[in-house]
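Written below as structure tokens is the structure these notes are about.
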Number of protein chains: 2
Amino acid sequence: MKDLTPIVNLFFNNQFVSEKTKELFIPLLHEFKARKGATFLQEGAICNHIYIVESGLVRQYFYKDNIDVTEYFAWEGQGFVCIESFIERTPSNLIVEALEDSVIYGIEKNELNALAEKHHEIELMHRGLMEQGLVMSQKRMYSMLFETAKERYNNFLKASPFLINRVPSMYIASYLGITPETLSRVKGH
Amino acid sequence: MKDLTPIVNLFFNNQFVSEKTKELFIPLLHEFKARKGATFLQEGAICNHIYIVESGLVRQYFYKDNIDVTEYFAWEGQGFVCIESFIERTPSNLIVEALEDSVIYGIEKNELNALAEKHHEIELMHRGLMEQGLVMSQKRMYSMLFETAKERYNNFLKASPFLINRVPSMYIASYLGITPETLSRVKGH
DNA sequence: CGGAAAGATTGACATATATCAAGAACTCGA
DNA sequence: TCGAGTTCTTGATATATGTCAATCTTTCCG
């Protein structure tokens with residue numbers, strides 16, 4: 001059986017996890033696979049899992065007035081979740097597609113909650129994930145507000161250089177909140 | 001002694017709270033007062049509390065290249081926290097000032113954590129606050145990305161009409177991510 | 001109460017980015 | 001390998017919003 005320790009550590013943000021907690025947590029992990037191009041999560045479904053990509057690359061996106069807007073990329077070691085749907089148990093407007101063949105581990109909300117009720121370390125992890133998301137979300141908002149298209153692209157390049165060759169530019173553009181035309185110009189000069 | 005039930009209910013987002021939990025939680029509440037114009041939280045301090053405004057009105061802001069940017073308003077019944085500082089225990093770049101004489105209740109992070117460790121309902125409340133913040137943050141980001149200055153102003157007006165006469169326009173402008181000039185034009189037409 | 005300081009409005013102009021359109025360069029399946 | 005369909009680039013133009021400056025209005029302290 002595969003050693004899932006690395007996946008556990010990712011969920012726990014690489015903080016110390018007791019053997020006991022790890023033992024309890026591992027059975028919650030469900031493995032999913034998605035082939036390149038496949039839709040992993042449909043629009044309108046309720047997102048009941050928190051996922052981490054073990055290998056591959058996925059993209060979260062939604063339609064705003066019929067145009068495709070990228071919300072997030074997740075690659076090896078990155079987590080993702082349709083956050084509003086997960087928190088409020090409402091149908092998601094987000095779609096998740098695999099940009100490459102991917103192996104993904106997920107934990108189910110109810111199972112997580114049940115275990116967390118008994119084991120505080122797990123409840124803390126759950127809160128930790130929400131906190132991480134909150135800080136990231138704030139930073140992204142201020143990047144949209146204060147940075148020019150060029151600055152956002154440069155920062156993206158610096159933070160995730162390896163994505164440039166794995167993701168079509170048009171998706172990067174919409175992730176950065178700009179048009180493909182602007183991205184193209186920004187790259188050129 | 002004042003009945004703090006309404007404050008407790010605000011922290012618990014108006015969900016059911018058992019008598020036991022309420023009893024445990026009330027001693028965590030600390031009362032603070034701030035006079036109009038006073039700085040309630042300084043820049044550079046670590047924010048160790050989550051606050052709720054009982055009466056009055058406060059503004060969170062920071063300096064971006066020496067210009068004053070409003071992050072948030074909190075009025076009667078609203079919570080606030082310098083979120084990044086609180087989560088990461090780092091010095092805050094946010095300043096909190098009272099725009100009116102205010103009475104504020106706060107809970108201290110360490111005290112909250114200690115109690116939450118023993119009482120799951122309280123831990124859940126803590127996570128709930130983070131989740132609320134996360135959903136709000138996401139919504140605000142998409143408002144900045146997709147809405148025009150006019151739309152943002154109209155939505156603000158609809159959501160918080162009472163703030164218009166309590167807050168100088170320049171603060172509303174920076175909260176909406178626009179200049180005072182643009183806000184003035186947007187209001188006029 | 002009066003005057004200085006702060007805030008709000010208005011105008012002229014600058015600028016970043018969007019939009020629309022055309023053509024070039026990839027990509028991928030038959 | 002060819003060719004159709006994407007995707008990317010480049011150009012011309014439009015537009016929302018920012019910047020700077022002047023003036024008008026409000027606030028508030030001495």
Side-chain angles (χ1 to χ4, degrees), chain A residues 35-39 56-57 59 61 63-70 73 95 97-101 140-157 161 163-189, chain B residues 35-39 56-57 59 61 63-70 73 95 97-101 140-157 161 163-189:
Chain A
R35 293 225 144 256
K36 173 171 181 165
T39 296
L57 173 60
R59 178 176 80 105
Y61 67 101
Y63 288 104
K64 162 80 183 173
D65 304 332
N66 281 316
I67 69 155
D68 171 321
V69 179
T70 300
F73 300 107
I95 302 157
E97 66 168 4
L99 296 181
E100 304 172 356
D101 288 356
R140 188 155 170 217
M141 184 181 82
Y142 283 109
S143 140
M144 295 295 182
L145 255 179
F146 295 127
E147 290 167 16
T148 63
K150 182 158 192 72
E151 288 170 331
R152 273 177 270 162
Y153 176 69
N154 288 339
N155 291 338
F156 181 83
L157 204 57
L163 284 190
I164 302 296
N165 302 314
R166 291 169 70 181
V167 175
S169 286
M170 58 193 301
Y171 296 157
I172 295 176
S174 76
Y175 175 75
L176 298 175
I178 60 184
T179 59
E181 293 94 327
T182 296
L183 179 59
S184 180
R185 284 183 246 267
V186 144
K187 281 200 280 194
H189 228 231
Chain B
R35 293 225 145 257
K36 173 171 181 167
T39 295
L57 172 59
R59 177 175 81 104
Y61 67 102
Y63 288 105
K64 162 79 184 171
D65 304 331
N66 282 316
I67 70 154
D68 170 322
V69 179
T70 300
F73 299 107
I95 302 157
E97 65 168 5
L99 296 180
E100 303 172 358
D101 288 356
R140 189 152 169 220
M141 184 180 83
Y142 283 107
S143 141
M144 296 296 182
L145 255 180
F146 295 126
E147 291 167 16
T148 63
K150 182 158 192 71
E151 287 169 332
R152 274 178 269 164
Y153 176 70
N154 287 340
N155 290 338
F156 181 83
L157 204 59
L163 284 190
I164 303 296
N165 301 314
R166 290 168 72 180
V167 174
S169 286
M170 58 192 301
Y171 296 157
I172 295 176
S174 76
Y175 176 74
L176 297 175
I178 60 184
T179 59
E181 293 95 327
T182 296
L183 179 58
S184 181
R185 284 182 246 267
V186 145
K187 282 200 281 193
H189 228 228

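Proteins come first, then strands; the chains are lettered A, B, ... in the order of their sequence lines, and each starts at number 1. Only heavy atoms go into these numbers, but all of them, side chains included; no hydrogens, no water, no symmetry mates. Just so we're clear, the structure is a prediction, and the values are computed from it rather than from any experiment.
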In whole angstroms, the gap separating P of C/dA16 from CG of A/Leu145 amounts to 17 Å
Spacing between A/Met170 atom CE and C/dC26 atom C1', to the nearest angstrom: 14 Å
Among residues two or more places apart or on two chains, list those pairs meeting salt bridge (charged side-chain N to carboxylate O under 4.0 Å, His left out) that have a residue in residues 170-184 of chain B. none
The criterion is salt bridge (Lys or Arg N to Asp or Glu O under 4.0 Å); which residues satisfy it with A/Arg152, sequence neighbours excluded? none
With a 3.5 Å cut-off and sequence neighbours excluded, list the donor-acceptor pairs that the side chains of residues 169-178 of chain A form with protein atoms.
residue: A/Ser169; atom: OG; partner: A/Lys187; partner atom: NZ; Å: 2.7
residue: A/Ser174; atom: OG; partner: A/Thr70; partner atom: N; Å: 2.8
residue: A/Ser174; atom: OG; partner: A/Thr70; partner atom: OG1; Å: 3.0
residue: A/Ser174; atom: OG; partner: A/Tyr171; partner atom: O; Å: 3.4

Find which nucleotide of DNA chain D each of B/Lys36 and B/Lys150 is nearest to by heavy atoms, and output the residue with the more 5' nucleotide. B/Lys150
With sequence neighbours left out, the residues meeting side chain to side chain contact (heavy atoms under 4.5 Å, CB included) with B/Ser184 are none
Sorted by first residue and then second, give each salt bridge (charged side-chain N to carboxylate O under 4.0 Å, His left out) pair with at least one member in residues 163-175 of chain A; sequence neighbours left out. A/Glu76-A/Arg166, A/Glu100-A/Arg166
With sequence neighbours left out, the residues meeting ring-ring contact (aromatic ring centres under 6.0 Å, His included) with B/Tyr153 are none
Residues in ring-ring contact (aromatic ring centres under 6.0 Å, His included) contact with A/Tyr63, at least two apart in sequence or another chain: A/Tyr61
Looking at B/Lys150 and B/Val186, what are the two nearest heavy atoms and their distance? NZ-O, 3.1 Å
Could you work out how much the helix from C/dC1-D/dG30 to C/dA30-D/dT1 bends, comparing the axis of its first five pairs with that of its last five, to 10°? 50°
In whole angstroms, how far is the P atom of C/dA16 from the CD atom of A/Glu147? 16 Å
Starting at atom CE of A/Met144, determine the distance to atom C1' of C/dT17, rounded to an integer number of angstrom. 14 Å
Step-by-step side-chain contact (heavy atoms from CB on, under 4.5 Å) determination, B/Phe73 to B/Leu99: CA-CA 9 Å; B/Phe73 299 107; B/Leu99 296 180; 4.3 Å; yes
Whole angstroms only, please: what is the CZ-P distance between A/Arg152 and C/dA16? 13 Å
Of B/Val167 and A/Thr148, the one whose nearest nucleotide on DNA chain C sits closer to the 5' end is B/Val167
Boundaries of the DNA chain D segment in contact with chain A, non-hydrogen, under 4.0 Å: D/dT7 to D/dA12
Listed by chain and number, what are the side-chain hydrogen bond (donor to acceptor under 3.5 Å, both in side chains) partners of B/Asp68, not counting sequence neighbours? B/Arg59
Mind checking what makes side chain to side chain contact (heavy atoms under 4.5 Å, CB included) contact with A/Asn155, not counting sequence neighbours? A/Glu147
Nucleic acid contacts of residues 173-186 of chain B, taken as heavy-atom distances under 4.0 Å to DNA chain D: B/Gly177, B/Ile178, B/Thr179, B/Glu181, B/Thr182, B/Arg185
